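Below, chains carry the letters A, B, ... as their sequence lines are ordered, and counting in each starts from 1. Model, not experiment: these values are computed from the prediction.
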Amino acid sequence: MSTSASEPSAFDRLHPEIRRWIRDQGWMGLRPIQDEAIRTVLGSEADVVVMAGTASGKTEAAFLPLLTRAAEPGDGGLRILYVSPLKALINDQYRRLETLCERLEMPVTRWHGDAPAAAKAKLLRHPAGVALITPESIEALLLRRQADAARLFRGLQSIVVDELHAFLKGPRGLHLSSLLGRVDRLCEKRPRRIGLSATLGDDDAGRCWLNPAQPETPVVLRSRDGGSGLKLQVRGYEEPPDASGVDEIADDGDDALSRIADHMFEHLRGSNNLAFAGSRRTVEALADRLRQRCVAKGLPEEFFPHHGSLAKELREELELRLKSGDLPTTAVATTTLELGIDLGNVKSVAQVGAPKSLAALRQRLGRSGRRGDPAVLRIYVRERHVAADADPLDQLRIATVRSVAAVRLLVDGFVEPAGDDPSLATVVLHQTLSTIAADGAIRPVAAHRAICDKNSYLAMGTSDYAALLRGAARDDVGLLEQSSDGLLMLGPEGERVTAAHDFYAVFETDDEWRLVAEGRTLGTVPISNVLAIGALVGFAGRRWRVESVDDRSKVLVVAPHRAGKLPKFDPPTGEPVHARLSQEIRHVLASEDVPSYLDPAARAFLQEGRAAYRRLGLDRSCAIASGSDTVLATWAGTAVNDILMVLLQSAGLECQADDVAIEIADCSPDELRKLLGTISEVPSTEALASFVENLRSAKYDQFVDEDLLRRLWAKRAKPAREQAIATIGDLVW
DNA sequence: GACCTGCTGCGGGGTG
């Protein structure tokens with residue numbers, strides 16, 4: 001960006017007190033992303049997406065110019081609303097903003113469930129400055145304290161959404177979008193929106209979220225630094241023939257996880273690292289193996305587990321230890337450390353198991369923060385033992401191949417785009433209930449306009465919305481009632497649901513047991529666990545014996561023990577694989593080059609997989625016989641294969657889909673080819689929808705009209721149907 | 001579907 005000599009620099013445009021604060025911080029200067037953000041925010045009224053990696057200073061990029069604006073004389077009132085998906089992030093940002101805002105004599109208020117109530121009450125009495133809040137706390141404010149909220153937000157200038165990428169998919173993103181629309185309507189002037197995000201593959205998704213009515217208007221600023229390269233290794237490990245497929249705390253020393261632990265112990269010891277292990281069970285099993293190795297060598301512990309069932313205190317201790325950098329520390333985590341507070345210098349990232357999505361892989365890689373140094377990534381691939389009579393697909397060494405395919409796409413810069421979300425009906429219903437509970441009765445037309453018209457991120461047609469309302473007003477549902485003059489009101493069930501403590505969040509959580517040892521809460525395990533006195537559990541990286549069970553308060557008192565079985569967390573399943581990654585898997589199988597980043601075992605797996613690909617004839621034909629069944633290799637990804645599975649099921653076949661293929665029971669390749677030949681036209685998704693099971697997945701789907709859920713499924717499935725038609729056309733028999 | 005995230009308002013009693 002060129003600037004004329006007469007134009008003041010970005011720095012000079014900031015408030016004098018902010019300039020002084022910057023000098024006091026000892027900064028060498030503004031980072032390019034900050035410079036750009038200051039010019040854009042102070043030079044226009046546009047919404048802005050700031051995309052940059054960890055430790056890039058994007059919070060300051062947004063706040064320096066916004067605070068400059070907010071410090072201009074005016075009527076007072078709350079000026080900036082910052083929204084975060086995590087309480088921990090709010091506390092972190094609070095500490096960062098405190099001194100800066102003090103200079104401007106501008107109050108900063110934390111607003112979440114654990115934040116001090118006195119400060120919240122003070123803000124309501126004297127709205128001013130900056131508030132840091134969660135989506136659920138916005139919901140509570142709008143629902144329970146409508147009048148306070150109106151006064152609080154009246155003069156709002158800007159809304160900052162941190163970790164915007166976390167809101168681009170899932171019910172919580174729909175929820176927050178709706179809440180911000182409700183906040184807008186309480187403001188004299190629509191506040192400008194600023195999104196802070198990790199680097200996204202697709203700018204349009206972020207812009208559309210920020211301003212769904214005018215998605216072409218937000219300005220995207222993208223940090224160009226951080227490209228210091230990538231050091232990468234993919235390592236292969238084979239499970240022993242008798243492996244159960246379930247990770248246990250048991251040091252047999254021979255399973256893949258134990259050998260992975262050997263390598264990690266050797267190479268991660270002495271520095272700060274993150275190891276992503278997938279499930280809580282695997283996290284516990286791996287952390288225990290690593291701890292055992294420290295104990296055996298008489299070394300202090302430096303490997304610790306981190307997952308959502310662990311007590312907050314234990315997690316915070318570990319986060320603090322990583323951040324302070326005083327002691328070498330490796331966190332073995334699920335997805336808990338993908339988002340959140342800055343973890344300081346992280347030397348390397350390890351991923352146990354082949355990646356299934358580029359979005360998650362990139363997010364994880366981005367959590368290693370050492371400016372100027374190349375990122376270091378190790379992928380530990382676990383392959384099953386392949387018996388002589390193994391299923392054809394098992395012979396392809398898909399995990400290793402998928403890792404290579406994922407690395408190729410990582411280099412290409414590919415990230416899965418977010419599709420339409422299956423929780424739309426639940427969130428629209430939730431927001432309808434919340435709006436009525438807060439504002440009182442409302443007309444259906446007004447409710448549609450306020451919550452889900454065509455300019456909304458939750459857009460839903462009027463006839464679909466009418467069906468949603470009719471379903472919720474049915475006598476046996478009782479969420480809504482309609483008065484004789486057409487006003488919508490809460491029914492008895494609606495009163496109950498909106499009064500419930502769990503109404504503020506639009507996602508569900510299961511009841512869990514609380515594990516207590518020596519008076520200290522270790523964390524929780526799902527209630528589905530059947531546990532008795534004397535049972536052994538592995539938790540928080542150690543082994544425990546159950547001493548007492550309190551069924552009423554759901555407390556398990558445990559004591560330390562030598563041996564331990566792992567808590568039965570939810571059974572493992574899969575995350576969907578995008579068509580692009582599935583296709584890339586086939587390209588890797590069909591090509592010859594052997595990447596230098598593979599260790600000898602991974603190299604051997606890749607070559608075995610390629611040999612099997614040719615031996616099975618998959619280079620020539622899409623279908624191979626497996627006993628009396630057929631494996632149809634589509635290389636089309638989870639969504640398309642799911643459509644094809646429904647199609648085949650609607651034709652009376654029994655089948656099971658995964659991300660690269662579909663297995664069809666009691667059907668030869670020849671019969672399958674003939675059958676697909678007779679299907680002159682793939683049925684519409686509306687027709688296929690009647691064969692879909694498990695339509696109800698989101699929190700309030702139990703109250704949603706089933707036909708509506710089928711129609712919404714059909715709408716979502718249309719792009720996948722188009723791809724499925726193309727896939728069938730491309731099949732080579 | 002692996003995993004994760006979040007959360008009243010009010011009344012009664014005690015203290016400064």
Side-chain angles (χ1 to χ4, degrees), chain A residues 83-91 110-115 117 120-121 124 133-149 162-163 165-167 169-176 179 245-247 276-284 305-310 312 315 332-341 351-357 359-360 363-364 421-423 430 434 437-438 497-510 512 523-524 526 569-577 638-639 641-642 656-659 693-699:
Chain A
V83 190
S84 153
L86 302 172
K87 290 183 289 192
L89 203 49
I90 286 176
N91 296 339
R110 280 177 288 172
W111 194 297
H112 57 67
D114 303 334
K120 297 185 205 170
L124 289 184
I133 198 166
T134 60
E136 289 71 21
S137 283
I138 299 177
E139 177 68 73
L141 206 46
L142 295 176
L143 178 61
R144 306 277 179 229
R145 320 180 72 157
Q146 173 84 342
D148 287 337
D162 205 352
E163 309 271 13
H165 54 280
F167 292 113
K169 62 175 187 177
R172 222 168 162 214
L174 293 168
H175 186 199
L176 179 59
L179 293 170
V246 181
D247 291 319
F276 292 98
S279 70
R280 288 173 285 191
R281 189 182 188 97
T282 303
V283 163
E284 287 289 350
H306 192 282
H307 56 74
S309 295
L310 273 178
K312 198 177 68 175
R315 292 167 54 170
V332 184
T334 54
T335 61
T336 36
L337 291 178
E338 277 181 18
L339 281 187
I341 63 164
Q351 152 93 28
V352 178
K356 290 194 115 179
S357 90
Q363 183 64 30
R364 290 169 184 191
D421 199 87
S423 58
H430 178 264
S434 173
V497 165
T498 54
H501 183 234
D502 76 346
F503 183 71
Y504 308 100
V506 82
F507 52 86
E508 251 179 322
T509 37
D510 298 332
E512 299 198 306
T524 57
F569 297 119
D570 299 326
T573 56
E575 177 187 18
V577 168
T638 313
N641 281 354
D642 280 349
Q656 187 56 51
D658 75 3
D659 34 291
E693 313 218 16
N694 306 332
L695 280 167
R696 298 178 197 277
S697 58
K699 189 175 180 185

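Of the listed residues (A:R172, A:K87, A:H175), just one forms a side chain to side chain donor-acceptor pair (under 3.5 Å) with A:E136, and that residue is A:R172.
Ring-to-base geometry places A:H501 in a stacked arrangement with B:dC7 (centre distance under 5.5 Å, plane angle under 30°). Stacking between A:F507 and B:dC4 is absent: the aromatic ring centre is not both under 5.5 angstrom from the base six-membered ring centre and within 30 degrees in plane angle.
Checked against B:dA2, B:dT8, B:dT5, the side chain of A:R144 finds its nearest nucleotide in B:dT8. Distances from the side chain of A:A140 to the nucleotides B:dA2, B:dG6, B:dT8 place B:dT8 closest. Residue A:T334 places its side chain closer to B:dC3 than to any other of B:dC3, B:dC7, B:dT5. Picking from B:dC7, B:dG6, B:dC3 the nucleotide with the shortest atom distance to the side chain of A:Y504 gives B:dC7. Looking at the side chain of A:R280, the nearest of the listed nucleotides B:dT8, B:dC4, B:dG6 is B:dC4. With distances taken from any side-chain atom of A:T336 to the nucleotides B:dT5, B:dG9, B:dA2, the minimum falls on B:dT5.
In this structure, A:I138 atom CD1 and B:dT8 atom C1' are separated by 17 Å, rounded to whole Å. In this entry the distance linking CD of A:E508 with C1' of B:dC7 reads 15 Å, nearest Å. As rounded to whole Å, 16 Å separates atom P of B:dT5 from atom NZ of A:K169. In this structure, the CG atom of A:D162 is 16 Å from the P atom of B:dT5, given to the nearest Å. Residue A:E163 contributes atom CD, which lies 13 Å from atom P of B:dT5 at whole-angstrom precision. In this entry the distance linking CH2 of A:W111 with P of B:dC7 reads 12 Å, nearest Å. Put simply, CG on A:D148 is 9 Å from P on B:dG9, counting in whole angstrom units. Atom P of nucleotide B:dC3 and atom CZ of A:R172 are separated by 18 Å, given to the nearest angstrom.
Residue contacts shown for A:R315 are limited to sugar-phosphate atoms, with no base heavy atom under 4.0 Å away. Among the atoms of the strands shown, none is found under 4.0 Å from any heavy atom of A:S697.
Between A:K356 and the phosphate of B:dG1, there is no side-chain N or O to OP1/OP2 separation shorter than 4.0 Å.
Side-chain N/O atoms of A:T509 and base N/O atoms of B:dG6 include a donor-acceptor pair closer than 3.5 Å.
Put simply, the side chain of A:D421 never gets that close to the backbone of A:K169: no donor and acceptor are under 3.5 Å apart. In terms of modelled atom types and a separation under 3.5 Å, the side chain of A:T336 and the main chain of A:H306 share a donor-acceptor contact. Under the 3.5 Å distance criterion, the side-chain polar atoms of A:Q146 are left unmatched by any main-chain donor or acceptor of A:A438. At distances below 3.5 Å, not a single donor-acceptor pair connects side-chain atoms of A:T498 with backbone N or O atoms of A:S434. Put simply, the side chain of A:H112 never gets that close to the backbone of A:A88: no donor and acceptor are under 3.5 Å apart.
Taking for each of A:T335 and A:A499 the nucleotide of DNA chain B with the nearest heavy atom, the 5'-most of the two is the partner of A:T335. Between A:P135 and A:R696, the residue whose closest nucleotide on DNA chain B is further toward the 5' end is A:R696.
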